[in-house]
Structures are given as structure tokens and as C-alpha cells.
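Take a look at the structure set out below.
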Amino acid sequence: MAESDDLGRIVAGCKEGDGESFSQLVDIYAGRCYGYFYRLTGSKETSDDLLGELFVKLVEKIGRYRGGSFNGWLFKIASNVFHDYLRDKQRQKRLLDGRKEQLESEYGRRQEDDRADGLQTALWKLDTDTRELIMLRFYSQASFKEIAAMRSEPIGTTLSKVHRGLKKLRKLME
Amino acid sequence: MAANGQNGENLRELFGKFFGADESEEATEDIRKGERILDEHGAPEPDSELLADVKAEISRALLVRKSNAFRRGFYKTAAVAAVVIIAAVISVKLSDRGTSERREIATASVIPAAIWESDDIAVDDAELGTFVGEIEELEGDVLALELGENGGNGYEAIEELEVELEEIEGVFWKG
């Protein structure tokens with residue numbers, strides 16, 4: 001979405017703590033952010049939780065937004081929310097290692113339920129970083145330059161990873 | 001063939017900086033086809049119940065933010081007022097003594113920046129509660145000084161105040 005005057009006004013309202021402005025922001029971005037979380041986790045339940053977390057984080061952090069691409073800024077927070085979730089999941093896995101077999105079986109069943117479409121199955125065959133990068137690119141609609149800045153990596157690296165990832169995804173889908 | 005990606009960026013030109021003409025053409029086409037697959041396989045949308053829940057969560061978070069801001073403003077005002085009163089009373093008492101003896105009066109920095117910048121409400125509450133207690137104690141001392149309840153020994157009372165202020169500065173606020 002182009003960063004219009006309307007979006008600027010909505011963001012300014014959010015910075016003043018206006019609930020209606022936040023509500024508008026949810027209407028604009030919830031679909032894309034939900035898609036981003038869903039394609040990365042493969043679970044609707046987890047995506048529900050992460051979407052709520054993202055917008056509460058947004059309330060806390062909106063005062064620190066200093067202009068520039070709001071898209072990029074929002075999806076950077078979304079990416080951090082996803083990484084926090086991954087860390088938490090890994091921690092839980094370590095803690096419950098004794099129940100490994102049981103958990104893996106439950107997790108596998110749940111993933112199978114949620115990865116109903118072919119794209120989700122193909123995405124899970126990509127490595128986590130490539131999958132996240134492709135989803136970040138697609139759902140944030142940010143330019144390669146913005147994404148490279150978000151990930152603090154050279155633009156050539158970003159281009160190359162997205163190119164290889166999408167090419168592999170296409171082959172997996174054929 | 002479309003060479004423009006999202007945000008109107010020219011992918012062919014972008015790839016051209018890293019690859020030769022043929023390769024950049026091919027890479028642009030790969031990106032375009034890959035993103036078309038993503039377009040064709042839309043992810044589920046959040047349902048209206050979830051959106052309502054998210055908006056309710058935002059309202060709760062905003063309430064917390066507002067009450068937090070109000071409380072901080074209140075304590076800040078109270079703190080500034082208390083320091084002004086204490087400083088004024090000490091100045092009056094010192095000038096009343098009319099001596100050439102000059103002493104340094106200790107002052108306490110009121111609330112450290114860490115509390116204003118902190119987002120940890122539970123810890124802030126505990127610290128600000130202690131802070132209010134300290135202010136009340138100081139106000140009591142100032143009142144005693146004004147009423148001469150210390151037997152007319154203003155110098156001793158000022159010393160006591162200094163000790164309390166030094167404690168606040170040196171021990172309490174620095175943790």
C-alpha cells in the first residue's frame with residue numbers, strides 16, 4: 001500500500017493514543033500480518049495469538065516510530081514477534097524433552113491439519129530463513145532495499161535468497 | 001513481461017546490478033512467477049471475532065498507557081512541588097539566621113530518569129510508593145522546622161534534612 005496522507009493521519013492519531021485510529025490500522029494491516037504469521041507457523045491458532053501480540057506491541061512502540069516506511073517498521077515488529085515465538089517454542093521443547101515423542105506426534109498431527117494447502121506444504125520444505133524472507137517480501141510489500149535494511153544485510157544477499165527461494169518454491173509446486 | 005516489482009521497483013534494473021542482462025531477465029521472471037504462486041494461494045483471513053478481540057486488547061493496552069502517563073505526571077508534579085517547598089523553607093531559615101556562615105545544602109535529584117523511561121509498572125509502583133513515603137517524611141520535617149518543634153534549633157533541623165536528602169540521593173535512588 002502506498003504511504004498515503006490517510007495512513008499518515010491514522011498513524012499520527014495512534015501516536016496520540018486514539019483508539020479509533022488503532023482500529024483503522026487493524027482493518028488495514030490485520031489481513032496481511034495474519035497471512036504472514038500463518039504462512040510462517042502453519043497454524044491458525046498460533047497466528048491468532050501472534051496477531052494480538054503484534055498490535056499490543058504496536059500500542060507500546062508507536063511513540064518510537066519516527067517516520068519512514070510504516071510498512072517496513074510494522075513488519076519489522078511482526079518479524080520480532082515471530083522470532084520471540086520461535087525462541088519460546090524452542091525453550092518449551094527443551095524443557096519438555098522428556099515428553100519428546102508424545103509432543104512430536106501431537107505437533108505433527110496439528111501441523112498436518114493446518115497445512116492443508118499445497119503451498120503450505122511446499123513452504124515447509126524451504127529453510128526457515130528463506131521462508132521468512134519470502135513471506136516478509138510478499139506480505140509487507142516492501143521493496144528489496146527496505147527488506148535488506150530491515151534484515152541488516154546487503155541488498156545483493158536479499159535478492160539472491162528471494163530469487164533462489166521462489167525458484168525452489170515454484171519447482172516444489174509443479 | 002512485467003519488470004516492476006512491488007513498490008514500483010524495477011527488478012530488471014536491480015538484478016542488472018548483480019547479474020548480466022540475460023541472467024537478470026531470467027531472475028526477474030523467476031521472481032514474478034514465484035510471487036504469482038503466492039498470489040494464487042491466499043492465506044486464510046482473520047475472522048471478525050479475532051479482529052474484535054484484537055481491538056479490545058488494544059483498548060485495554062491504551063487504558064494502561066493512559067493511566068500510566070497520568071500517574072507519572074502526578075508524581076512528577078508532586079515531586080517538583082515538594083522540592084520547591086523544601087528549598088524555599090531552607091532558604092528562608094538560612095536567611096533568618098543572618099550569619100555570614102555559609103554552608104552547602106545537599107539536594108536530592110528527585111526521580112531518576114530510569115523510572116520515567118521504564119515500562120515496568122510493577123517495579124515503578126513499588127519505587128514510587130517509597131518515594132511518596134520519603135516526601136511525606138520530609139514534609140513532616142519541614143513542618144517541624146517551621147513550627148520550631150525542635151526547640152528552636154534550626155541548624156540541627158537543617159542538618160537532619162540534609163542527612164535525609166543525602167540518603168535519598170546516595171542510597172535509595174541509586175538502588
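All values below come from the heavy atoms of this structure, side chains included, with hydrogens, waters and symmetry mates left out. Computed from a predicted structure; not experimentally measured.
Atoms CZ and OG, on B/Phe19 and A/Ser160 in that order, are 5.5 Å from each other to the nearest 0.5 Å. Atoms NZ and CD, from B/Lys55 and A/Gln24 in turn, are 9.0 Å apart once rounded to the nearest 0.5 Å. The distance from atom CD1 of B/Ile58 to atom OG of A/Ser21, rounded to the nearest 0.5 Å, is 11.0 Å. Taken from CG in B/Leu38 to OH in A/Tyr139, the straight-line distance is 7.0 Å, to the nearest 0.5 Å.
Looking at heavy atoms from C-beta onward, B/Phe18 lies in side-chain contact with A/Ile155 at the 4.5 angstrom threshold. Between B/His41 and A/Arg39 there is a side-chain heavy-atom pair separated by less than 4.5 Å. Contact of the A/Asp48 side chain with the B/Asp53 side chain is not registered, since no non-hydrogen atoms from C-beta on lie closer than 4.5 Å.
Within the 4.5 angstrom heavy-atom criterion, only side-chain atoms of B/Leu50, from C-beta onward, approach chain A. If you measure heavy-atom distances from A/Ile62 to chain B, the contacts under 4.5 Å come from the side chain alone. The contact between A/Phe144 and chain B is made by backbone and side chain atoms together, counting heavy-atom distances below 4.5 Å. Residue contact with chain A, scored on non-hydrogen atoms closer than 4.5 Å, involves the backbone and the side chain of B/Asp39 alike. Heavy atoms closer than 4.5 Å to chain B are found in both the backbone and the side chain of A/Arg170.
Residues B/Leu63 and A/Val59 do not share a hydrophobic cluster, defined by chaining ILVMFWY side chains whose heavy atoms lie under 4.5 Å apart.
Between A/Ala30 and B/Leu51, the closest heavy-atom pair is CB-CD2, 3.4 Å. Heavy-atom minimum distance, A/Lys44 versus B/Pro44: CE-CG, 3.9 Å.
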Check against side-chain contact (heavy atoms from CB on, under 4.5 Å), B/Val54 and A/Val56: CA-CA 8 Å; B/Val54 169; A/Val56 169; over 6 Å; no
A/Leu166 vs B/Lys33, test: side-chain contact (heavy atoms from CB on, under 4.5 Å). Steps then yes/no. CA-CA 8 Å; A/Leu166 283 174; B/Lys33 285 179 179 169; over 6 Å; no
Evaluate the criterion side-chain contact (heavy atoms from CB on, under 4.5 Å) for residue pair A/Leu159 and B/Ile31; output intermediate values, then yes/no. CA-CA 10 Å; A/Leu159 272 172; B/Ile31 296 272; 5.7 Å; no
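Interface check for chain B: of the options A/Arg164, A/Lys145, A/Met173, the most heavy-atom pairs under 4.5 Å are formed by A/Met173. Between chain A and the residues B/Pro46, B/Ala61, B/Ser59, the largest count of heavy-atom pairs under 4.5 Å involves B/Pro46. No other option in A/Asp18, A/Asp27, A/Leu58 has as many heavy-atom pairs under 4.5 Å with chain B as A/Asp27. In terms of heavy-atom pairs under 4.5 Å with chain B, the best-connected choice from A/Val26, A/Leu169, A/Leu25 is A/Val26.
A salt bridge links A/Arg137 and B/Glu35; the closest N-O separation between the charged side-chain nitrogens and carboxylate oxygens is under 4.0 Å.
Counting non-hydrogen atoms of other residues, nucleotides and ligands closer than 6.0 Å to CD of B/Glu49 gives a total of 12 or fewer. The number of heavy-atom neighbours closer than 6.0 Å to CG of A/Asp88, taken from other residues, nucleotides and ligands shown, is above 12.
A donor and an acceptor atom, one from each side chain of A/His163 and B/Asp30, are located under 3.5 Å apart.
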